[in-house]
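In this text the structure is predicted, and so the values were computed from the model without any measurement. When a ligand or atom number is given, it counts from 1 through the structure's own listing order.
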Amino acid sequence: MSEFDQLYREVILDHYRNPRGHGVLEHPDAVAEGQNPLCGDEISITLAFDGDTISDVRFEGRGCAISQAATSMLTELVVGRDAAEVARLPKEELLEEIGIPLTPVRLKCALLGLGVLKVALNKGKGTPLPEEWSSSDDLSFR
Ligand code: FES
């Protein structure tokens, strides 16, 4: 493993052990939950808006280190950004933060939180649902 990969792994573990944006907003403007049907792991997200800007985001969930760490990283990426812009956020932007190559199974883990966030944005702001997660055998959301 390269020194670089090792560094990214340590960052991922730190997010897993000390998740940023963890918890539930008391008076959210939007809520969504999602599950990875391959493993049953779940993430729920609460969002608050200030106009069209995401002013706060919290998540709870249970799952592997990648799913939890990726969602923790995501909370840091999106606060203060425009809801419609985040609804179009390419998955590559989050994967770049994660920084290590992922197998297809691990990719689903990494994108669970992003999918849930986009569903919450759809509920709160009517932004388009993410195409990546529309197929029924993929990640499931409500
Ligand atoms: Fe379930 Fe990663 S193993 S989300």
Side-chain angles (χ1 to χ4, degrees), residues 1-49 52-142:
M1 191 190 305
S2 75
E3 226 173 273
F4 231 39
D5 276 7
Q6 182 59 39
L7 185 69
Y8 276 116
R9 268 163 222 269
E10 278 167 23
V11 172
I12 290 166
L13 275 179
D14 181 54
H15 273 271
Y16 177 57
R17 291 185 183 132
N18 310 294
R20 319 323 186 240
H22 197 256
V24 182
L25 292 176
E26 232 176 276
H27 303 290
D29 294 312
V31 180
E33 292 170 29
Q35 192 182 58
N36 182 347
L38 292 179
C39 58
D41 291 344
E42 293 174 335
I43 285 178
S44 62
I45 285 185
T46 49
L47 275 182
F49 301 111
D52 286 330
T53 301
I54 299 173
S55 57
D56 209 349
V57 54
R58 300 289 160 86
F59 82 98
E60 283 194 321
R62 56 180 181 79
C64 64
I66 295 282
S67 68
Q68 304 302 304
T71 310
S72 167
M73 290 174 176
L74 186 63
T75 64
E76 291 193 321
L77 269 183
V78 302
V79 170
R81 288 173 71 172
D82 180 72
E85 180 200 330
V86 172
R88 292 190 304 269
L89 186 98
K91 56 181 184 284
E92 288 74 18
E93 191 174 328
L94 177 60
L95 297 177
E96 214 170 283
E97 286 292 310
I98 297 169
I100 53 168
L102 298 170
T103 63
V105 169
R106 288 281 143 192
L107 198 61
K108 275 199 172 36
C109 303
L111 297 179
L112 178 60
L114 181 61
V116 178
L117 175 69
K118 288 186 177 183
V119 172
L121 289 170
N122 168 267
K123 288 180 168 180
K125 289 288 175 191
T127 52
L129 281 170
E131 277 172 31
E132 305 93 297
W133 298 284
S134 57
S135 97
S136 56
D137 60 344
D138 223 320
L139 306 171
S140 65
F141 301 101
R142 61 184 180 273

Can a non-hydrogen atom of Asn36 be found less than 4.0 Å from any atom of ligand 1? yes
Roughly how far apart are Asp14 CG and Arg17 CZ, rounded to 0.5 Å? 8.0 Å
Within the 4.0 Å heavy-atom shell around Cys64, which atoms of ligand 1 are there? 2 (Fe), 3 (S), 4 (S)
So if I count the atoms of ligand 1 from 1 in the order they appear, which ones are less than 4.0 Å from some heavy atom of Asp41? 1 (Fe), 2 (Fe), 3 (S), 4 (S)
Looking at atom 2 (Fe) of ligand 1, is one of the N, O or S atoms of Cys39 less than 2.8 Å from it? no
Residue that, paired with Val79, satisfies side-chain contact (heavy atoms from CB on, under 4.5 Å) out of Val57, Leu47, Thr53: Val57
Which of the atoms of ligand 1 are close to Ser67, meaning less than 4.0 Å from one of its heavy atoms? 4 (S)
Distance check, rounded to the nearest 0.5 Å: Ile54 atom CD1 versus Arg81 atom CZ? 8.0 Å
For Glu96, I'd like to know if atom CD has over 12 heavy atoms of other residues, nucleotides or ligands within 6.0 Å. no
Would a 4.5 Å heavy-atom cut-off, applied to side chains only, mark Leu74 and Leu89 as touching? yes
